[in-house]
Amino acid sequence: MEKIREEIKEIVRQALASKEVDLILAWEKGQLWYDSYPAFFTEEQGVDSLVWDQFCVNNLSKYLLDDGMAGQKVGILVKGCDTLAFNQLVQDNRIIRDNVVLYGLPCSGMIDPAKVRREGLDRGLIKIKKTGDQLIFVNKEQQIKVLPTQVYYDKCLTCHYPNPVIYDRLIGEKVANETLATHAGRFSAVEELEELSTKDRFAYWDQQFSKCIRCLACRNICPACSCEQCTFDDSELEILGKAKENSEDKFFHLIRAYHVAGRCVDCGECSRVCPQGIPLEKLNRKLIKDINELYGEYQAGLDPSIKGPLVTYQLEDTDTFTAGERGRKQK
Amino acid sequence: MKKIAKDRLSLLWPRIALNYQLFLPIAEEKVVNFSRWEEGAEVDLATLKTANSPKDIIFPQTETYLNFKQEGKRLELEMAGGRKDYLVFGVSPCDVASINLLDKVFLDEPVDQFYQEGRQKGVIIARACLNPAETCFCSSFKINPALAPAGADIATWDLGDSLLWEAQSEKGKELTADFDDLLEEVSREEQERLEQVKTGIADQLKDLPLVNLDPDLIEGGLNEIFASEIWEHLYRRCLGCAMCTYVCPTCHCYDLKDYDGNKCGERFRCWDSCMFSDFTMMAHGNPRTTQKERVRQRFMHKLVYYPNNYQAYACVGCGRCTEKCPVSLDMVKVIKKLGGERNEL
């Protein structure tokens, strides 16, 4: 990654100098080892601080919706998962494809700082090296070899799109997609929940949602949550209050899940940012799984020219809407 | 000074729970938060930085003011309140300091009666922070993680097999007497070990990556900082969520609302966040119309407005925003951008 970091910087500098773009969305390094955060580059001179490392987890596509982007030609660095989100925003008519230059970055996975801390690898950490299929955590005293699967984000372990699915320019070489088997396994946690009785499943989600502090980080980071004004923010409608109330916590998460159904690209950002560890990906993946089973395999954001199954209508559609017996599969 | 053997803590919890609602750091699927203790709970005294601060126990996220009911022309009002006695065990020094900051706001005239009642009915037992994390910068706000600030009723130190225990207030002394049968006297050797632990903490502090942060070095008055160019660069990545404000132990803004059930209802207050677009919404609209102004408000409040009113910063360096903000727009970066950092020697 260090090798192509310099290449990225050079490309970004040239793009800004030549006015190919007015602005580039990328990442910058903060004060701590894991701290790579979204940054906006407008001048060549500032590009020195740009970073590309195994902590550039933030999906930058949603920033394309910002008011300040209007009328500008914007460049953006995108990983595989980020391109799915980008395509979905194009499909939702929220951004115009031709106003954006996509610099694609193959990605073999991002490191979860929480897992690093849990493994005790953060103490005195100087740097993390990657050699072959191993990561080496270097601290003052020793070098500790770790398998990426021990410290990568869960979402990266089931990733099916390590390479950008759309780009104007690819930087670096495509990585092999070794995750096909685990990708299929992304529904295993959903299947476990499906095995539960309705009562137990309700109890499970009731307990999970009770942890919610209603900070709305899951909604605000979500590329499928792209409404100009969220109905939950309309204080005159009073659809959702600010009170921490169990029924409202559930209401918020369930409504949001249904609203992003068919458009959720499974980027996993909602789960990543939740400060309380609510497994929101299980909720979204349940809907993805149902859509796959009811309408055939579908990956949101893969191809914006294909309309999603929940927004298409065919005259020969024979679904009676009741055949599923309240959503339950008929045996 | 007293001590309690760790293996006797399982006897202490049910004893406390007889007379108090007991809150302890409890692990639930890898996330540790202060929760109501019940038999069998997974108490985690090793994790020092809980995901949330214990703020929501003292200043609940949602709190009912009054219930109302209309019958014909008669409107019946019933005051809520009536908090039960509670005890929070294991509060870090930074979080104790944050309670003192909340006190300045809510116990200042006009006194907030709900908050006052909550404070009077609560007992705070602190635990020294033996392992400050890399995201910690409490020493920048003159908090010593080896000691419990005034405000804690009892201070504790974890010596591995036992917890050293020292009452710091009248409430703390009474409680210590109540549990006398579970507590033991501390030996000279243990006193010495405590001193070593304290020195160890001080040594660790020196090596922390954020140790050079010093808000006192921030130059300029309210107007200069308000007009600073840094906000223009900083705010752009802000998502406008409320994570920083809700995990923050010192953020204390709230909203007042009614649940309207037509003929009956409830008036409540709940946490609000200056990051939200409808924060301080008035009839004419919102005085802060862009995210830039909202971000600036949050940090101005902590570093300028609050200090102007109460002669203290409204940050305790707990580092929760530093660890949790989804886009790393945290207190550390703001203080640094404003020049609040000592040059490394």
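- A:Leu64 is not listed as a side-chain neighbour of A:Gln72, based on a closest heavy-atom distance of 4.5 Å or more.
- Under the 4.0 Å criterion applied to side-chain N and carboxylate O atoms, A:Asp206 and A:Arg201 are not assigned as salt-bridge partners.
- In this structure, chain A has a heavy atom under 4.5 Å from the side chain of B:Cys270, while its backbone stays farther away.
- Ranked by heavy-atom pairs under 4.5 Å with chain B, the first of A:Arg219, A:Arg117, A:Glu269, A:Arg214 is A:Arg117.
- In this structure, no portion of B:Gln291 lies under 4.5 Å from any heavy atom of chain A.
- Residues A:Trp205 and A:His253 have side chains not in contact (no heavy-atom distance under 4.5 Å, counting atoms from C-beta outward).
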### Task
Verify side chain to side chain donor-acceptor pair (under 3.5 Å) between A:Gln31 and B:Lys333, making sure each step is shown before the conclusion.
CA-CA 8 Å; A:Gln31 62 269 7; B:Lys333 298 199 176 62; 3.2 Å; yes
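- For A:Lys62, no part lies under 4.5 angstrom from a heavy atom of chain B.
- With hydrogens and angles left out, the side-chain atoms of B:Ser273 and B:Thr245 include a donor and acceptor closer than 3.5 Å.
- Contact annotation for A:Trp27: neither backbone nor side-chain heavy atoms come within less than 4.5 Å of a heavy atom of chain B.
- When heavy atoms are compared at a cutoff of 4.5 Å, B:Asp330 approaches chain A solely by way of its side chain, counted from C-beta outward.
- At least one cation-pi condition fails for B:Arg237 and A:Tyr63: the charged atom is not both under 6.0 angstrom from the six-membered ring centre and inside a 45 degree cone around its axis.
- Per-residue counts of heavy-atom pairs under 4.5 Å with chain A were compared for B:Cys244, B:Pro209, B:Cys241; the largest is that of B:Cys241.
- For B:Val31, the part sitting under 4.5 Å from any heavy atom of chain A is the side chain, from C-beta outward, and nothing else.
- B:Phe268 has its ring centre no less than 6.0 Å from the ring centre of B:Tyr65.
- Side-chain atoms of A:Gln276 and A:Gln208 include no donor-acceptor pair closer than 3.5 Å.
- Taking B:Lys324, B:Met281, B:Glu29, B:Lys30 one by one and counting their heavy-atom pairs under 4.5 Å with chain A, the maximum is reached by B:Lys30.
- With a threshold of 4.5 angstrom between heavy atoms, A:Arg272 approaches chain B through side-chain atoms but not through N, CA, C or O.
- Neither the backbone nor the side chain of B:Ser35 has a heavy atom closer than 4.5 Å to any heavy atom of chain A.
- Taken to the nearest 0.5 Å, the CG atom of A:Asn59 stands 6.0 Å off from the SG atom of A:Cys81.
- Of the atoms belonging to B:Gln204, it is side-chain heavy atoms, and not backbone ones, that fall under 4.5 Å from chain A.
- Contact count versus chain A (heavy atoms, under 4.5 Å) is highest, among B:Arg269, B:Glu323, B:Glu63, B:Met275, for B:Glu323.
- B:Asn67 CG to B:Arg267 CZ: the interatomic distance, rounded to the nearest 0.5 Å, is 11.5 Å.
- Using a cut-off of 4.0 Å between Lys/Arg side-chain N and Asp/Glu carboxylate O, B:Arg342 and B:Asp214 are scored as salt-bridged.
- Contact count against chain B (heavy-atom pairs under 4.5 Å) is highest for A:Asp35 among A:Leu216, A:Leu125, A:Asp35, A:Asn58.
- In this model, no donor atom of one side chain and acceptor atom of the other lie less than 3.5 Å apart for B:Arg294 and B:Gln297.
- Side-chain contact, A:Thr158 with A:Arg285: a donor N or O sits under 3.5 Å from an acceptor N or O.
- Side-chain contact of B:Glu293 with B:Trp231: a donor-acceptor pair under 3.5 Å is absent, judged by distance alone.
- Looking at A:Ile213, the atoms closer than 4.5 Å to chain B (heavy atoms on both sides) sit in the backbone and in the side chain alike.
- Side-chain contact of A:Tyr34 with A:Lys29: a donor-acceptor pair under 3.5 Å is absent, judged by distance alone.
- Taking 4.5 Å as the heavy-atom cut-off, the residues of residues 45-60 of chain B that approach chain A are B:Ala51, B:Asn52, ordered by number.
- Heavy atoms of B:Glu134 lying under 4.5 Å from chain A belong to its backbone as well as its side chain.
- A salt bridge does not link A:Glu281 to A:Lys155: none of the charged side-chain nitrogens sits closer than 4.0 Å to a carboxylate oxygen.
- Contact of B:Leu329 with chain A is not made at all, since no heavy-atom distance falls under 4.5 Å.
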### Task
Could you check B:Asp272 against B:Lys257 for salt bridge (charged side-chain N to carboxylate O under 4.0 Å, His left out), going step by step and ending with a plain yes or no?
CA-CA 11 Å; B:Asp272 202 352; B:Lys257 288 264 183 186; over 6 Å; no
### Task
Take A:Tyr152 and A:Gln54, measure what side chain to side chain donor-acceptor pair (under 3.5 Å) needs, and give me the verdict at the end.
CA-CA 9 Å; A:Tyr152 278 1; A:Gln54 289 199 294; 2.7 Å; yes
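- Among residues 240-248 of chain A, the residues having any heavy atom closer than 4.5 Å to a heavy atom of chain B are, in sequence order, A:Lys242, A:Ala243, A:Lys244, A:Glu245, A:Glu248.
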